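The next block holds one structure in the form of structure tokens; read it before the comments.
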Protein chains: 2
Amino acid sequence: MLEGYRGKALEFLSSHNVDVGDLIELQKDGLSIKGVVMPSYSKEDDIIVIKLDNGYNIGVSISGISNFKLVEKKRQNIQVSKGEQKPLKEKSEVKIISTGGTIVSKVEYETGAVRPALTTEEIINFMPEINEIAKIDAEVLFSILSENMKPEYWIKIAESAKKALDEGNLGVVIAHGTDTMAYTASALAFSFKSLTGPIVLVGSQRSSDRPSSDSPINLYSAILVAKNSPFAEVTINMHGESSDTYTLVHRGVKVRKMHTSRRDAFQSINDIPLAKVFWKEKEIKLLRDDYIKRKEENALDAKFDTRVFLLKYYPGINPEIIEYLISSGIRGIIVEGTGLGHTSTEFVDYFKKATKDGVFIGMTSQCLFGRVNMNVYTTGRLLQESGVTPLEDMLPETALVKLMWVLAHESDLDKIRSLMLTNFVGEINYRHVPEYFPRWFHDGIRLQ
Amino acid sequence: MLEGYRGKALEFLSSHNVDVGDLIELQKDGLSIKGVVMPSYSKEDDIIVIKLDNGYNIGVSISGISNFKLVEKKRQNIQVSKGEQKPLKEKSEVKIISTGGTIVSKVEYETGAVRPALTTEEIINFMPEINEIAKIDAEVLFSILSENMKPEYWIKIAESAKKALDEGNLGVVIAHGTDTMAYTASALAFSFKSLTGPIVLVGSQRSSDRPSSDSPINLYSAILVAKNSPFAEVTINMHGESSDTYTLVHRGVKVRKMHTSRRDAFQSINDIPLAKVFWKEKEIKLLRDDYIKRKEENALDAKFDTRVFLLKYYPGINPEIIEYLISSGIRGIIVEGTGLGHTSTEFVDYFKKATKDGVFIGMTSQCLFGRVNMNVYTTGRLLQESGVTPLEDMLPETALVKLMWVLAHESDLDKIRSLMLTNFVGEINYRHVPEYFPRWFHDGIRLQ
């Protein structure tokens, strides 16, 4: 497969019977170049991307190439099991399922942009110490940036994870882009009725080419958790603070990416993490004991109806959007209301009509922290009378994914409401403590 | 005016020539009841709401009332200047413009729900100490819950504020519901080219009937700031922490309601507040010196085009929403993308078409914290090529309001882009420090 190649370069490589992964040799401008053909993400269609022995990737235009030679077909030490599983010589304890994202990405030599890499071998190479803590097996399920993740992929990830656990792995690590990692975590969390071990999503905010990369530590720590933790939940494991002291294991339904670039971007909202991992000491410190324990079997029920919409309210929004959504076939709307769960009262009639038509309208808050309460103000009461369901302290994103799952299982509006308010995996936290709200910096900063 | 009354109660009061504010007396079920007629927010149409001398409101059904008597027409000490201004005996220093919200609300006796109250006199009564710090004038501009706030009201608020400053007030305090307070603050901030004094929005998270109400302190502190602060910016002044030690003055374009119910819900994002107010000590502690100073005149330019949309991206969203928005006449879209500013690549062609049609597409991040950077990943670069404008570290809500303002002033897409990236009042912060990211609690909590 010549991934990413088009036009002249594709033609050139095909005509030489060369695939991605093959070792080639060529001469150009008096230089001799030898290396492995890499997938192309070049904008130009005449560039071959070659990984040199020193680890660098270069791009070579095919014009003026001489003495092109296929030295060796795809190196067999790059194990890429795509879908089908090779029989393992030694039973693995933790399975790493790679879906793409920065944790498995490389900088595109030509433009400096980051693109997904190919093999989990590359990941494991980051940190050979991994072999000391668990017997690993790895699978590249797909190689996409997480902004392109879709509900249909969630199902594939869930199935792969189930298979890995059914085969006796103690836990599963899922390498995933950070952009939509929390959505995937929620999707997996609602899909599993029971788990024999944890599913630990892990990503990185800095690519592995950078000295400040969080890839190796996050991955190492995720493997530690997958193998040893007593909880069998879908979790996200990422840096806990900006230094390298510990990672945090967040409940997948209670976590959000809260910063575009910090390594400790993932933080629990309206909850505390399940555990803190001191990776150097190989210590998993549990922060609570109300986790879901490892069960005897893995029960999967992954179905999603994407006929939903996430509507963020703002002053001046035209309520006719509701009519459009319904006419386009939407079956449920999660509203990100203001404050305790409000929209303008102009929406009342639209919501009334929608719920009369069997469309679910659920209310969350754009404040993110805290719980909606639609009994305090007149507006909230009016909205409830129009059929809107207040969704407790659920994150808007979690509520949306939950609704996709619920709608794939129920069509009766009362039952949908009841399921949305059923606490399946800790997505609703009935008891809040002041510590959930982070502490902001309230002093002066002297900028140079 | 018999605000809120309908049906039988309206008929009854009208026939007795009774208005809201009038002192009445009646007998019912053997009891003698005397009090002031309050506006009705009762769902029943036969209830008269009466404020007793002890301050409590009660609801009395008209059936069975005997000996009804109008004791005194509307008490003249309730000064409600609606729109028109009474000539002041003494020149005021701070003008309080009341728009509604919890800070001026009362609990609805009948249902326990909160409704907007009527007079600013009621507000000032909360805290007589206010008279010690500034000469006050008050105006009820409107009385709406802030979830019903609209761009057309922003203009009225801006005009009132300008009038108050032009008349020589040192600063303006705007009592506002907290739900959409940050949107209004942004709108006012973009509307004023220059200000002679600060505009301080203030609200409360707990109604004044509750012992834990933050109304009096927030209001007192806002008046202190309006009169004495050296900056002439549009700001939000609310509790800084959950106790009553200090309030914080946030730049209006860099603040968000981050909790549904906490008193310190308002926090600066990607910035630090302008000042910390130790109200007991009457001390305004400046946290920075890069504020906008008081100017010679008030220059107002408040226009908003509401043909915009705030689109929050999520996995599985159908990109056809873009086509609908454009067909409905939308001129600009603020995308709340994932991570550094992404959507799935499925959106690329839709954005390309939109920008070709002159529709502005701006990118912010649903992470809220941090800056978008669309040069790091292939997706970001593709989106930029399709015409999407990365909006630095602007909050999605601020970017949306700014876009409404910009679209009301420009129609050329290049000029719109350029204005959106012009830093008018600190909505873009080019330098970030680690302190901007709050500290989450990462330890165990023992729940009883």
Side-chain angles (χ1 to χ4, degrees), chain A residues 41 113-115 145 147-151 178-180 183 240 242 248 257-262 265 267 272 276 287-288 306 310 312 314-316 324 338-340 342-345 365 367 369-372 376-379 381 397 400 431 433-435 437-445 447, chain B residues 41 113-115 145 147-151 178-180 183 240 242 248 257-262 265 267 272 276 287-288 306 310 312 314-316 324 338-340 342-345 365 367 369-372 376-379 381 397 400 431 433-435 437-445 447:
Chain A
Y41 280 78
V114 180
R115 62 158 191 78
L145 292 165
E147 57 269 28
N148 289 322
M149 190 59 68
K150 287 179 185 188
T178 56
D179 268 39
T180 65
Y183 294 90
S242 50
L248 289 171
K257 183 171 177 176
M258 291 300 291
H259 197 282
T260 59
S261 61
R262 280 176 70 107
Q267 296 290 346
I272 54 161
K276 205 165 172 173
L287 299 181
R288 48 203 287 183
T306 58
L310 179 59
K312 181 158 171 176
Y314 56 86
Y324 160 73
T338 58
L340 289 163
H342 302 133
T343 64
S344 78
T345 46
S365 175
C367 297
F369 291 92
R371 186 185 310 281
V372 299
V376 179
Y377 293 96
T378 315
T379 309
R381 287 139 35 81
E397 299 89 354
L400 184 81
R431 283 196 63 182
V433 293
E435 285 84 353
F437 197 57
R439 277 195 292 153
W440 265 261
F441 185 82
H442 291 163
D443 287 305
I445 293 168
L447 297 174
Chain B
Y41 281 78
V114 179
R115 63 156 189 80
L145 293 165
E147 57 270 28
N148 290 324
M149 191 57 68
K150 285 180 187 189
T178 56
D179 269 40
T180 64
Y183 293 90
S242 50
L248 288 172
K257 184 172 178 178
M258 291 299 292
H259 197 282
T260 60
S261 61
R262 281 177 69 107
Q267 296 290 345
I272 55 163
K276 206 164 172 174
L287 299 181
R288 49 203 287 182
T306 59
L310 178 59
K312 181 158 170 176
Y314 57 86
Y324 160 73
T338 59
L340 289 163
H342 301 134
T343 64
S344 78
T345 46
S365 175
C367 297
F369 292 92
R371 186 186 308 281
V372 298
V376 179
Y377 293 96
T378 314
T379 309
R381 287 138 33 80
E397 299 89 355
L400 184 81
R431 283 194 64 180
V433 293
E435 284 84 353
F437 197 58
R439 277 193 295 152
W440 265 261
F441 185 79
H442 292 164
D443 287 304
I445 292 167
L447 298 173

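Predicted, not measured: the structure shown is a model, and the values here were computed from it. Order of the sequence lines fixes the chain letters, A, B, ..., with proteins taken first and strands second; residue numbering starts at 1 for each chain.
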F437(A) and R262(B) have their tightest heavy-atom pair at CD2-NE, 3.2 Å
When the 4.5 angstrom heavy-atom criterion is applied to L400(A) and chain B, the contacting part is side chain
Exercise. Is there a side-chain contact (heavy atoms from CB on, under 4.5 Å) between F369(A) and Q267(B) once you walk through the steps?
Worked result: CA-CA 12 Å; F369(A) 291 92; Q267(B) 296 290 345; over 6 Å; no
Heavy atoms of E435(A) and F441(B) approach each other most closely as O-CB, 3.3 Å
Notebook entry, point to check: Can you check whether H442(B)'s main-chain N or O pairs, donor with acceptor, with K276(A)'s side chain at less than 3.5 Å?
Noted result: yes
In terms of heavy-atom contacts, L340(B) and S261(A) come closest through CD2-CB, 4.4 Å
Scored by heavy-atom pairs under 4.5 Å with chain A, the best of K150(B), E397(B), H342(B), M258(B) is M258(B)
Under 4.5 Å to a heavy atom of chain B? For L248(A) that would be side chain
In short, G316(A) meets P151(B) closest at the heavy-atom pair CA-CD, 3.6 Å
dist S365(A):OG -> D179(B):CG (nearest 0.5 Å) comes out at 7.5 Å
_Looking at V372(B), is its backbone amide N or carbonyl O close enough to the side chain of T260(A) to form a donor-acceptor pair, meaning the two atoms are under 3.5 Å apart?_
no
So, the part of T345(B) with a heavy atom under 4.5 Å from chain A: the answer is both
Most contact-rich option vs chain B, by heavy-atom pairs under 4.5 angstrom, among T180(A), I272(A), T178(A), is I272(A)
Bottom line for Y314(A): the part with an atom under 4.5 Å from chain B's heavy atoms is both
Okay, R288(A) and chain B: the region with an atom under 4.5 Å from a heavy atom over there is neither
Heaviest contributor of heavy-atom pairs below 4.5 Å to chain B, chosen from P315(A), C367(A), G370(A), P438(A), is C367(A)
Distance col, row K312(B):NZ vs L310(A):CG, nearest 0.5 angstrom, shows 5.5 Å
